[in-house]
There are 2 protein chains.
Amino acid sequence: MASQAPAATRPPDTEQRIFDAALTVFARKGRDGARLQEIADHAGINRALLHYYFRTKEQLYEAVFEHGCRQFMAGLSQSLRAEEGVEDCLRAFVYGYIDYIYEHQDMARLMLNECLCGGGVLERHLAAATEAREEVPGLLLEDRLRAAIGAGEIREIDLRHTLLTIVSACLFPFVALPTVRLFHSRAVEDFDRFLQERKAHIVDLLLAGLRPTEGVRRGKLA
Amino acid sequence: MASQAPAATRPPDTEQRIFDAALTVFARKGRDGARLQEIADHAGINRALLHYYFRTKEQLYEAVFEHGCRQFMAGLSQSLRAEEGVEDCLRAFVYGYIDYIYEHQDMARLMLNECLCGGGVLERHLAAATEAREEVPGLLLEDRLRAAIGAGEIREIDLRHTLLTIVSACLFPFVALPTVRLFHSRAVEDFDRFLQERKAHIVDLLLAGLRPTEGVRRGKLA
DNA sequence: AGACTGTTAAACGATTTGGATAACGCGAGG
DNA sequence: CCTCGCGTTATCCAAATCGTTTAACAGTCT
């Protein structure tokens with residue numbers, strides 16, 4: 001296996017280049033739509049070399065997904081460092097999440113692409129990751145929020161849905177970028193600034209939405 | 001053109017069956033990943049008949065996207081009937097949005113798939129729709145929210161980001177369903193009930209998050 | 001009967017995939 | 001120094017598949 005003995009003669013970063021190229025192409029064209037030739041071109045290598053490293057297209061996809069998925073989840077968990085207060089914790093989550101997705105947009109798109117065509121592979125890998133007790137990014141925040149509810153720092157609310165809402169708000173703008181661009185002209189002019197605004201907005205809205213209710217009925221404005 | 005004279009001899013719903021089949025397959029496999037054979041099988045017809053109705057794969061995709069997109073947007077706008085109060089308006093939007101997406105999941109997936117591979121076609125069609133002064137679903141709610149800010153019914157907040165957050169919270173669970181299932185066991189057991197919970201949660205969180213601040217600093221819990 | 005429409009079967013050319021082959025460059029080790 | 005192994009390229013190949021075209025068939029209407 002080439003991955004086990006990478007530096008036999010020269011140090012070939014070829015495998016990594018293939019990984020990156022395959023990730024990009026698979027993320028855009030999907031498992032079936034991606035062409036090996038396009039991946040090879042993107043990696044600047046011969047098509048035969050793809051078969052040298054990964055015997056078949058299937059194995060290449062599996063490897064890219066497996067490796068990428070594991071690395072993605074691990075890195076994401078790491079980037080979401082635990083903070084002291086709920087507020088800082090939530091802020092760190094949102095900021096860390098968006099920053100991380102920004103650096104790994106292709107992986108996010110690949111996972112979503114898997115979702116679109118059934119999600120069999122994705123489910124398998126995620127299930128394996130959670131079963132292996134690996135850190136699942138959102139669960140730490142959920143635990144922290146649960147504690148905050150107990151302490152009366154935030155109001156009682158369905159945490160599963162809250163977490164899903166947070167992830168949605170952070171992730172969706174990336175995968176739906178072309179649509180977002182139409183209404184958010186700033187997202188096309190200055191994407192970085194748009195993301196900064198987005199982070200602040202999400203945290204702002206969430207903190208207000210989770211603030212303990214002081215005699216105010218839920219689901220009512222005033 | 002077959003679409004102009006559908007009932008020359010028999011009333012063949014073939015064209016519609018092709019549309020539906022193509023939508024389903026394109027939504028899952030993407031523009032390039034979709035195979036005409038799979039579409040034909042899904043529609044229960046011969047592969048050659050696809051070319052009889054739509055000359056090429058390109059034209060089939062374009063037709064499905066064009067027609068589906070227009071119908072989708074129009075129907076969505078209609079389902080989001082205007083309410084009197086801001087609160088009812090927002091509730092109607094969230095409930096209507098989720099209900100509508102539920103009935104048109106394939107179209108939502110197709111649009112997202114377009115986003116993943118660049119979004120050129122999607123941008124063109126959406127731009128044409130907005131330019132033609134057609135009703136863009138979110139904009140009505142945005143106007144209503146703006147008025148509510150003026151009336152002091154909700155606090156001052158970036159409406160573009162708020163709207164994006166709302167759409168994200170409603171839409172993302174559909175496209176990321178396989179992932180959601182892992183953490184939301186109810187989404188797999190009883191999807192309808194999950195969606196009911198989801199609607200209520202989103203409205204609840206939003207109303208709380210938009211509630212006018214009474215001397216409380218923004219971005220702070222207490 | 002003739003014309004027209006929806007439909008199918010069969011075939012064509014081009015592309016894709018998986019794989020094989022030979023050859024080349026180059027470092028490592030005998 | 002020579003040889004061997006490994007990464008790499010070029011080239012070719014068989015099989016499958018894809019998109020597309022063509023010819024023929026089966027109804028229906030006039």
Side-chain angles (χ1 to χ4, degrees), chain A residues 1-65 67 113 117 121, chain B residues 1-67 110 113 117 121:
Chain A
M1 206 87 68
S3 60
Q4 300 285 28
T9 57
R10 271 171 297 174
D13 59 338
T14 307
E15 193 171 9
Q16 189 58 42
R17 293 229 314 283
I18 294 180
F19 252 89
D20 296 338
L23 177 59
T24 301
V25 177
F26 275 131
R28 277 160 181 71
K29 303 299 185 65
R31 184 188 203 132
D32 298 326
R35 302 287 115 123
L36 290 183
Q37 185 61 58
E38 194 177 350
I39 296 178
D41 291 345
H42 219 274
I45 58 165
N46 194 292
R47 209 176 80 250
L49 203 55
L50 287 181
H51 291 91
Y52 180 77
Y53 280 92
F54 310 89
R55 207 162 291 279
T56 76
K57 183 185 185 182
E58 202 73 17
Q59 289 183 38
L60 171 60
Y61 182 83
E62 209 78 24
V64 167
F65 201 92
H67 181 263
N113 218 319
C117 60
V121 182
Chain B
M1 202 91 67
S3 59
Q4 301 284 29
T9 57
R10 267 172 298 175
D13 57 339
T14 308
E15 192 171 8
Q16 188 59 42
R17 293 230 314 281
I18 294 180
F19 247 89
D20 296 338
L23 177 59
T24 301
V25 176
F26 275 131
R28 278 160 180 70
K29 302 300 185 64
R31 182 185 205 136
D32 297 328
R35 303 289 118 122
L36 289 185
Q37 185 61 58
E38 195 176 350
I39 296 178
D41 292 345
H42 220 272
I45 58 164
N46 193 291
R47 214 169 69 248
L49 202 56
L50 289 180
H51 293 87
Y52 180 77
Y53 281 93
F54 310 89
R55 207 162 292 277
T56 74
K57 182 186 184 181
E58 202 75 14
Q59 288 183 39
L60 171 59
Y61 181 83
E62 210 78 25
V64 168
F65 200 93
E66 163 89 32
H67 182 265
L110 180 63
N113 220 319
C117 60
V121 181

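The figures here come from the full heavy-atom set of this structure, side chains too, leaving out hydrogens, waters and symmetry mates. Note on naming: letters A, B, ... go to the chains in the order of the sequence lines (proteins, then strands), and numbering restarts at 1 for each one.
To the nearest 0.5 Å, the span separating CG on B:Leu36 from CG on B:Asp41 amounts to 10.5 Å. The CG atom of A:Leu50 lies 5.0 Å from the CD1 atom of A:Ile18; values are rounded to the nearest 0.5 Å. Atom-to-atom distance recorded for A:Thr24:OG1 and A:Ile39:CD1 is 9.5 Å, nearest 0.5 angstrom. To the nearest 0.5 Å, atoms OH (B:Tyr53) and CG (B:Leu60) are separated by 13.0 Å. Expressed to the nearest 0.5 Å, how far OH of B:Tyr61 lies from CG of B:Asp32 amounts to 9.0 Å.
A:Arg17 has its CZ atom 14 Å from the P atom of D:dG7, to the nearest Å. A straight line from CG of B:Leu49 to P of D:dG19 spans 16 Å, rounded to a whole angstrom. Put simply, CG on B:Leu50 is 13 Å from P on D:dT21, counting in whole angstrom units. Regarding A:Lys57, its NZ atom lies at a distance of 13 Å from the P atom of D:dT17, rounded to whole Å.
Of the two residues near DNA chain C, B:Ile45 and A:Ala48, the one whose nearest nucleotide lies more 5' is B:Ile45.
Residue B:Tyr52 places no side-chain N or O under 4.0 Å from the OP1 or OP2 atom of C:dT5. Considering only side-chain N and O atoms, A:His51 lies nowhere under 4.0 angstrom from the phosphate OP1 or OP2 of C:dG19. In this structure, A:Asn46 reaches the D:dA10 phosphate: one of its side-chain N or O atoms is under 4.0 Å from OP1 or OP2. At the phosphate of D:dT8, OP1 or OP2 sits under 4.0 Å from a side-chain N or O atom of A:Tyr53.
Across B:His42 and B:Ala21, no two heavy atoms sit closer than the pair CB-CB, 3.8 Å.
Here the side chain of B:Thr56 is nearest to one of D:dG7, C:dT8, D:dT20, namely D:dT20. Comparing D:dT20, C:dG6, D:dC6 against the side chain of B:Thr14 picks out C:dG6 as the nearest.
Remark: nothing in residues 25-38 of chain B comes within less than 4.0 Å of DNA chain C through any heavy atom.
Across all strands shown, A:Arg55 has heavy atoms under 4.0 Å from sugar-phosphate atoms exclusively, and none from any base.
Annotation: A:Arg17, atom CZ; neighbour count of heavy atoms from other residues, nucleotides and ligands within 6.0 Å is above 12.
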